[in-house]
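Have a look at the structure below before the remarks.
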Amino acid sequence: MKEYNVKDRQTLIDVAIICFGGIENLIALAEKNNVSITSELTAGYVIEMGGIEIQDRQVVRQYNYNDIVPATGISTDEILEGIEFWGIEIDYIIS
């Protein structure tokens, strides 16, 4: 069975693009691995891909040939903070 080891900060969308050349199989990939398409994946998590067809082989080849590894997830440390991101009466109390 074909597998992919998730890298740091990768999302299921990143994995779908690297392995299949697009996001057309994103839902099938999520269902096969019993995760949500928006699940936060941890580095080293093994994604099973057997039985899912590659959508665009040229994209897959380019990512592999150029060693491109997209990682678009953000960590909780990167969540924006500051008064422009606070919710009134939630994070910022007016008195």
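Model, not experiment: these values are computed from the prediction. Counting from 1, the numbers follow the sequence of the chain as shown.
Applying the side-chain contact (heavy atoms from CB on, under 4.5 Å) criterion to I13, with sequence neighbours excluded, gives T11, I17, I23, L26. By the side chain to side chain donor-acceptor pair (under 3.5 Å) test, N25 is found to be paired with no residue, residues two or more places apart in sequence or in another chain being considered. Remark: S36 engages T38, S39 in a side-chain contact (heavy atoms from CB on, under 4.5 Å) (not counting sequence neighbours). Contacts of N34 classified as side chain to side chain donor-acceptor pair (under 3.5 Å), with partners at least two apart in sequence or in another chain: none. With sequence neighbours excluded, no residue forms a side chain to side chain donor-acceptor pair (under 3.5 Å) with Q55. In this structure A43 satisfies the side-chain contact (heavy atoms from CB on, under 4.5 Å) test together with D8, sequence neighbours excluded.
For the atom pair CD1 (I52) and CG (L29), the distance works out to 5.0 Å, reported to the nearest 0.5 Å. In this structure, OH on Y4 lies 13.0 Å from CG on N33, to the nearest 0.5 angstrom. Distance CD1/I37 to CD/E31: 10.5 Å, rounded to 0.5 Å.
Side chain of D56 to main chain of G22: no donor-acceptor pair is present (N/O by atom type, distance under 3.5 Å, no hydrogens or angles). With hydrogens and angles ignored, the 3.5 Å screen pairs no side-chain donor or acceptor of K32 with any backbone N or O of M49.
More than 12 heavy atoms of other shown residues, nucleotides or ligands fall within 6.0 angstrom of atom CD1 in I68.
Partner of Q10 under the side-chain contact (heavy atoms from CB on, under 4.5 Å) criterion, chosen from L41, T72, V69: V69.
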